[in-house]
Number of protein chains: 2
Amino acid sequence: MFAAPKKGKEALLGDLAPIDRHSSLGESAYATLKDSLIRGAMQPGTKLTLRSVAQVLEVSTTPARDAITRLIGEGGLINAGPKTVIVPYLSLPDLDEITAIRLSLEGLAAEQATNHVTEAEIHELENLQERINRGLDEGRYTDVLDANKDFHFLIYRRSGMRRLVTIIESLWLRMGPAFNGLYPEFAQSRTGVSNHLWALRGLHDRDPAAVRGAIENDIRSGYRRLSSQLAAVGEQGGESRS
Amino acid sequence: MFAAPKKGKEALLGDLAPIDRHSSLGESAYATLKDSLIRGAMQPGTKLTLRSVAQVLEVSTTPARDAITRLIGEGGLINAGPKTVIVPYLSLPDLDEITAIRLSLEGLAAEQATNHVTEAEIHELENLQERINRGLDEGRYTDVLDANKDFHFLIYRRSGMRRLVTIIESLWLRMGPAFNGLYPEFAQSRTGVSNHLWALRGLHDRDPAAVRGAIENDIRSGYRRLSSQLAAVGEQGGESRS
DNA sequence: TTTTGAAATTTGATGCAACAAAAAAATTAG
DNA sequence: CTAATTTTTTTGTTGCATCAAATTTCAAAA
């Protein structure tokens with residue numbers, strides 16, 4: 001059938017080159033699209049066709065197809081019909097589900113990170129928080145959102161759990177488009193600030209439960225604002241068949 | 001750039017046809033490969049080439065490529081080199097991470113399911129448990145594993161959280177290959193039985209915490225057996241770069 | 001104006017060939 | 001026999017043509 005596994009020849013060179021091979025048109029097309037989605041650069045309902053994506057990304061249909069297929073697989077795009085791929089709407093039930101999962105997973109990641117994070121990294125987090133505050137003051141809300149994302153993922157990555165981070169990313173991917181059209185109302189809130197400060201303190205004190213609690217509060221407060229705005233915007237919520 | 005979203009024309013025919021279009025060579029190639037992986041039909045380290053997969057599945061390289069790409073995306077296969085895709089080994093750290101995530105997510109799913117499951121479904125679960133017991137008695141361990149999987153996922157699906165179930169599936173996908181070569185030792189244990197009974201009782205009593213506890217115990221006891229056997233088998237654990 | 005239906009267009013799926021990179025095999029040099 | 005080097009084969013990537021299905025366009029009929 002398939003090739004049998006080879007004998008594991010041990011690394012004799014001390015694990016010299018961890019060679020990341022993240023280069024291929026398909027890979028970067030995927031990364032680019034994914035980034036657009038997470039950033040909320042694409043409006044829910046936007047229809048993506050193979051050829052239009054290929055054209056925008058300046059590649060042939062093959063890499064474009066790769067990207068779209070993978071994104072559908074993780075729910076970042078959905079099949080809304082026979083030959084129709086769109087950026088998904090986030091319905092309230094969808095938001096509820098994603099929030100529940102986020103609380104579990106980001107809580108876990110935050111907890112785990114507490115024991116691995118270094119002082120230098122905590123300092124880096126403080127810098128990010130500075131950037132958030134400044135962005136809030138100066139009305140640069142895109143910056144706020146970006147820095148907020150960096151803040152969270154810097155913590156999550158310190159969990160040392162790679163797959164966990166990947167899964168969390170796929171959840172943010174699902175939330176991204178919902179922010180579209182919600183600027184700047186959403187980013188204006190300063191409710192997140194105190195949660196971040198609590199998280200920083202917990203990190204510094206090596207108190208996993210405190211960090212988890214802070215992150216959970218942050219997620220919950222985001223949920224409240226987002227769900228009320230979603231309800232206000234109206235009933236455009238589509239099905240979320242994956 | 002891309003097409004703007006269309007106005008949502010309401011369904012006038014009472015939501016007649018929820019038409020699921022799960023047909024395409026790429027889709028079924030993916031499903032087939034994924035199933036093999038989950039069932040533990042493929043040995044860790046097995047090398048998959050585009051053309052060999054295409055040949056076995058009797059399709060061209062395009063659908064085979066689709067399937068492989070998607071599976072790599074969710075960690076069911078990994079890139080172990082420039083032109084090498086293999087079924088991943090499960091290292092102890094990997095198992096630790098996956099178990100931690102499973103406890104969070106399957107616990108959540110079990111909890112949620114408690115409020116949605118019907119009496120009929122509980123009865124169905126009891127039948128599955130029968131099948132497990134019978135398989136254990138008669139030494140049909142593949143059957144045991146299959147029924148066990150059905151038991152768990154029947155519960156998880158009742159959570160009503162589709163994406164959650166998908167994520168959990170991707171975790172089982174990662175565990176599957178590790179069972180290969182571990183039959184029948186692994187399936188022989190009856191430690192899972194009492195956990196399942198506790199879960200059933202909790203479901204019947206509508207006690208979410210009890211159901212979660214039972215599922216968590218089940219996962220933990222599986223972890224113990226699997227980790228000790230993994231350690232026994234030796235140091236074949238490969239990197240888990242996704 | 002609205003409706004209907006047929007023609008033209010666009011779309012995703014699929015297979016395939018060309019290509020460069022990598023791996024494997026064969027050959028030669030020491 | 002071993003090691004180095006060349007040749008051959010295999011591999012993933014990419015672009016593209018084809019096809020059937022779905023969508024859109026458009027004009028004729030009501």
Side-chain angles (χ1 to χ4, degrees), chain A residues 1-9 12 16-17 19-33 45-73 76-87 241-242, chain B residues 1-9 12 16-33 45-73 77-87 241-242:
Chain A
M1 196 177 183
F2 298 113
K6 279 199 308 183
K7 241 344 175 1
K9 47 175 140 175
L12 300 177
L16 224 230
I19 331 166
D20 254 354
R21 27 184 44 282
H22 287 312
S23 55
S24 86
L25 294 184
E27 194 70 33
S28 49
Y30 165 74
T32 303
L33 255 190
T46 302
K47 184 175 173 182
L48 302 195
T49 65
L50 247 188
R51 288 164 176 85
S52 67
V53 171
Q55 191 175 14
V56 171
L57 265 39
E58 293 182 332
V59 294
S60 80
T61 57
T62 308
R65 182 183 163 71
D66 277 358
I68 293 176
T69 305
R70 290 177 62 179
L71 253 358
I72 290 177
L77 295 173
I78 64 169
N79 251 295
K83 292 189 175 184
T84 322
V85 174
I86 65 168
V87 177
R241 36 201 155 171
S242 58
Chain B
M1 197 175 181
F2 298 114
K6 278 199 309 186
K7 230 10 176 335
K9 49 175 137 177
L12 300 177
L16 227 232
I19 332 167
D20 253 355
R21 24 184 50 280
H22 285 310
S23 55
S24 86
L25 293 185
E27 195 71 31
S28 49
Y30 166 73
T32 304
L33 254 191
T46 302
K47 184 176 172 180
L48 303 195
T49 65
L50 246 190
R51 288 163 176 88
S52 67
V53 171
Q55 192 175 15
V56 171
L57 265 40
E58 292 181 334
V59 294
S60 79
T61 57
T62 307
R65 180 185 166 72
D66 277 357
I68 292 176
T69 304
R70 288 178 62 180
L71 253 358
I72 291 177
L77 294 174
I78 62 169
N79 251 297
K83 291 190 173 184
T84 322
V85 173
I86 65 169
V87 177
R241 35 199 155 174
S242 58

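So that the names make sense, note that chain A is the first sequence line, chain B the second, and so on, each numbered from 1.
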Separation of C:dT14 atom P from B:Leu50 atom CG, nearest Å, is 15 Å
Could you give the NZ-to-P distance, from B:Lys47 to D:dT11, as a whole number of Å?
-> 7 Å
Which residues pass the side chain to side chain contact (heavy atoms under 4.5 Å, CB included) test with A:Arg65, sequence neighbours left out?
-> A:Leu50, A:Thr69, B:Thr62, B:Asp66
Give me the residues of residues 64-71 of chain B where at least one heavy atom lies under 4.0 Å from an atom of DNA chain D, by number, or none.
-> B:Arg65
Shortest non-hydrogen contact from B:Leu48 toward B:Ser52 | C-OG, 4.3 Å
Is the shortest heavy-atom distance from the side chain of A:Val87 to the side chain of A:Leu77 under 4.5 Å?
-> yes
Is the phosphate of D:dG15, meaning OP1 or OP2, less than 4.0 Å from a side-chain N or O of A:Ser60?
-> yes
For B:Gly26 and B:Ala67, the nearest pair of non-hydrogen atoms, with its separation, is O-CB, 4.5 Å
Please list, pair by pair, any protein nitrogen or oxygen found under 3.5 Å from a nitrogen or oxygen in nucleotides 5-10 of chain D.
none

Which atom of B:Ala64 lies closest to which atom of B:Val59, heavy atoms considered | N-CG2, 4.2 Å
With a 4.0 Å cut-off on heavy atoms, is B:Leu25 in touch with a base, just the backbone sugar-phosphate, or nothing at all?
-> sugar-phosphate
Flag the pair B:Lys83 / B:Lys47 as yes when at least one side-chain heavy-atom distance between them is below 4.5 Å, and no otherwise.
-> no
Compare every heavy atom of A:Ala54 with every heavy atom of A:Ser60, then report the nearest pair and how far apart it is.
-> O-CB, 3.5 Å
Check the distance between C:dT14's C1' and B:Leu57's CG and give it to me in whole angstrom.
-> 15 Å
Where each residue is assigned the nucleotide of DNA chain D containing its nearest heavy atom, which of A:Pro63 and B:Thr84 is assigned the position nearer the 5′ end?
-> B:Thr84
Can you spot which of B:Leu71, B:Thr49, B:Val53, B:Ile68 makes a side chain to side chain contact (heavy atoms under 4.5 Å, CB included) with B:Val85?
-> B:Ile68
How is A:Thr61 classified with respect to the nucleic acid when contacts are heavy atoms under 4.0 Å: base, sugar-phosphate, or nothing?
-> base
